Amino acid sequence: MTLNTDDVWVIGAGVIGLTSAVALAEGGHRVRVVSRDAAAATTSAVAGGLCWPYRIRPYERAVRWSVRSFEVLAELAHRPQETGARMVTGTMASASTAPGAADDGLAAWYAAVPGLRQAVADELPEGCGSGWRARTPLVDMPAHLRYLERRLAAAGGVVERREVRSLDEAGRAAAVIVNCSGLGARSLVPDREVHPVQGQLVIVENPGVQEWFVAAESGAADTSYALPQPYGLVLGGTARENAWSREPDPAVADAVVARCARYFPQVAQARVLAHKVGLRPARPSVRLEAERLPGGALCVHNYGHGGAGVTVAWGCADEVVRLVRDA
């Protein structure tokens with residue numbers, strides 16, 4: 001197949017790729033998303049969907065991207081059935097007695113979230129010394145990915161299922177390549193700094209949990225979170241560096257439920273609906289920059305977002321559009 005030189009290929013159909021493609025298509029570009037996997041089979045479809053910067057660097061850019069995405073998702077939350085986005089109140093808790101916003105590099109994020117405040121003692125479960133209360137977007141990721149696909153189609157974009165074996169191959173077909181290949185960038189670029197951070201979660205029938213809750217320490221391999229979604233209560237989780245398996249581990253699943261039951265005892269008896277494993281595409285820092293390929297095509301790299309794909313997707317998409325326009 002031969003494409004016109006004003007076409008854009010976006011490699012990858014996860015939330016980063018689809019959001020970038022929507023922004024480009026709605027900006028007047030002819031866009032083709034090329035992906036080995038359907039959106040429903042990507043790591044994005046497994047994600048819990050809480051809008052909060054998690055395991056992503058550099059902090060300054062991540063916060064800027066996150067604030068932009070917060071704004072877009074908050075607007076989409078007016079149409080939850082269509083977009084999969086809702087505004088939900090919840091608590092980000094810590095065992096520490098000090099909230100530590102400045103210490104974890106996210107002070108600007110805490111300052112930007114409307115209405116965010118420190119939790120008072122009776123709002124924190126036993127074992128948590130501090131926390132933040134906020135109303136943030138919580139996204140049903142399978143529904144949101146379907147929404148993005150519909151929005152892309154409405155803007156004239158298309159999605160093609162095929163494997164791209166090299167950036168040079170893509171550069172011979174389109175004048176602009178946007179590399180949103182996630183973990184695939186490890187071999188496609190190749191970029192050996194990209195590596196998986198495995199996350200396992202359990203979906204149970206919701207016994208009545210209405211707010212989201214996260215208890216996570218920076219860099220911890222095991223976290224505790226409960227995210228109420230329309231399809232069930234998402235319990236998590238894990239963050240195992242360089243673990244490649246996508247098979248749920250029954251012992252890990254039991255441990256996830258047990259940790260969450262410390263905060264929500266009723267989940268211990270909740271019926272399990274599904275087990276999920278996703279591989280977050282981690283990198284020491286996100287790569288979002290443009291370069292020229294040997295054949296002359298422009299390549300905008302947009303990968304390495306770790307556990308914060310939906311949180312930064314719209315902010316990164318804006319930057320992709322700017323890089324393409326400036327080039």
Side-chain angles (χ1 to χ4, degrees), residues 10 12-23 33 35 37-57 61-80 82-88 90 92 106 109 112-113 134-152 178 180-183 197 199 201 203 212 214 216 223 225-231 234 236-237 239 276 278-283 286 288 302-320:
V10 176
V15 69
I16 293 293
L18 287 177
T19 306
S20 297
V22 167
V33 173
S35 176
D37 300 318
T42 64
T43 295
S44 296
V46 180
L50 179 65
C51 184
W52 199 282
Y54 176 66
R55 285 185 173 265
I56 183 171
R57 304 286 191 279
R61 297 177 80 191
V63 167
R64 185 171 69 250
W65 298 328
S66 300
V67 171
R68 170 59 177 155
S69 295
F70 185 107
E71 295 169 350
V72 175
L73 292 170
E75 181 62 30
L76 296 180
H78 292 297
R79 311 189 309 278
E82 176 189 355
T83 68
R86 297 169 295 130
M87 296 299 290
V88 180
M92 181 67 64
L106 300 179
W109 165 256
V113 175
R135 184 170 175 82
T136 64
L138 181 60
V139 184
D140 174 347
M141 289 305 298
H144 188 61
L145 292 170
R146 292 192 295 270
Y147 161 74
L148 291 173
E149 288 179 316
R150 294 192 302 270
R151 186 164 163 180
L152 175 62
V178 182
C180 303
S181 56
L183 193 57
V197 175
L201 51 83
I203 302 171
W212 60 264
V214 178
T223 59
Y225 58 79
L227 308 174
Q229 292 285 11
Y231 53 82
V234 178
K276 302 286 186 180
L279 303 181
R280 305 176 183 94
R283 195 174 184 273
V286 173
L288 181 42
N302 185 17
Y303 65 86
H305 304 84
V310 71
T311 303
V312 300
W314 287 100
C316 290
D318 284 351
E319 195 155 332
V320 167

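Remember, it's a predicted structure, so these values are computed and weren't measured experimentally. Values below: all heavy atoms of this structure, side chains included; hydrogens, waters and symmetry mates excluded.
- A donor-acceptor pair under 3.5 Å is absent between the side-chain atoms of R146 and the main chain of G84, judged by distance alone.
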Applying side chain to side chain contact (heavy atoms under 4.5 Å, CB included) to M141 and V310, what does each step give before you reach the verdict? CA-CA 8 Å; M141 289 305 298; V310 71; 3.8 Å; yes
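- In this structure, W314 and V22 have side chains that are in contact, with non-hydrogen atoms separated by less than 4.5 Å.
- Here L227 contributes atom CG and D140 contributes atom CG; the two are 11.5 Å apart, rounded to the nearest 0.5 Å.
- Rounded to the nearest 0.5 Å, atoms CZ (R86) and NE2 (H144) are 13.0 Å apart.
- The shortest distance between side-chain heavy atoms of V139 and Y147 does not fall below 4.5 Å.
- In this structure, C180 SG and L18 CG are separated by 9.0 Å, a value rounded to the nearest 0.5 Å.
- Listed for the W212 side chain is a donor-acceptor partner under 3.5 Å among the backbone atoms of V88.
- Among all heavy-atom pairs drawn from A45 and A40, the shortest one is CB-O, 3.4 Å.
- The two residues V113 and A134 have their closest heavy-atom pair at CG1-CB, 4.2 Å.
- Formation of a donor-acceptor pair under 3.5 Å by the T43 side chain with backbone atoms of L279 is found in this model.
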Verdict with supporting geometry, E319 and R64, side chain to side chain contact (heavy atoms under 4.5 Å, CB included): CA-CA 11 Å; E319 195 155 332; R64 185 171 69 250; 3.9 Å; yes
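- Counting heavy atoms from C-beta on, the side chains of L138 and P228 come closer than 4.5 Å.
- Remark: side-chain polar atoms of T311 are not paired, donor with acceptor, to backbone N or O of S66 under 3.5 angstrom.
- Residue H78 holds its NE2 atom at 10.0 Å from OG1 of T83, rounded to the nearest 0.5 Å.
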With side chain to side chain contact (heavy atoms under 4.5 Å, CB included) as the criterion, how do F70 and T136 come out once you've worked through the C-alpha distance, each side chain's angles and the decisive distance to 0.1 Å? CA-CA 8 Å; F70 185 107; T136 64; 4.1 Å; yes
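- Of the possible donor and acceptor atoms, none in the side chain of S181 sits under 3.5 Å from a partner among the backbone N and O of G12.
- Between L183 and P281 the shortest heavy-atom distance is N-CB, 3.4 Å.
- R280 places no side-chain N or O within donor-acceptor distance of the main-chain N or O of R55, the cut-off being under 3.5 Å.
- Under the 4.5 Å side-chain criterion, counting only non-hydrogen atoms from C-beta, V214 is not in contact with W52.
- For the pair Q229 (side chain) and G48 (backbone), a donor-acceptor distance under 3.5 Å is present.
- Heavy atoms only, all atoms of each residue included: N302 and C316 are closest at OD1-CB, 3.8 Å.
- Note that OG of S20 and CG of L148 are 10.0 Å apart. Values are rounded to the nearest 0.5 Å.
- Contact annotation: the side chain of L76 approaches that of L73 to within less than 4.5 Å [non-hydrogen atoms, C-beta and beyond].
- The backbone N or O of G14 lies less than 3.5 Å from no partner atom in the side chain of T42, so there is not a single donor-acceptor pair.
- At distances below 3.5 Å, at least one donor-acceptor pair connects side-chain atoms of R135 with backbone N or O atoms of M87.
- Across W65 and L288, no two heavy atoms sit closer than the pair CZ2-CD2, 3.6 Å.
- Closest of all the heavy-atom pairs between G315 and R68 is CA-CG, 3.6 Å.
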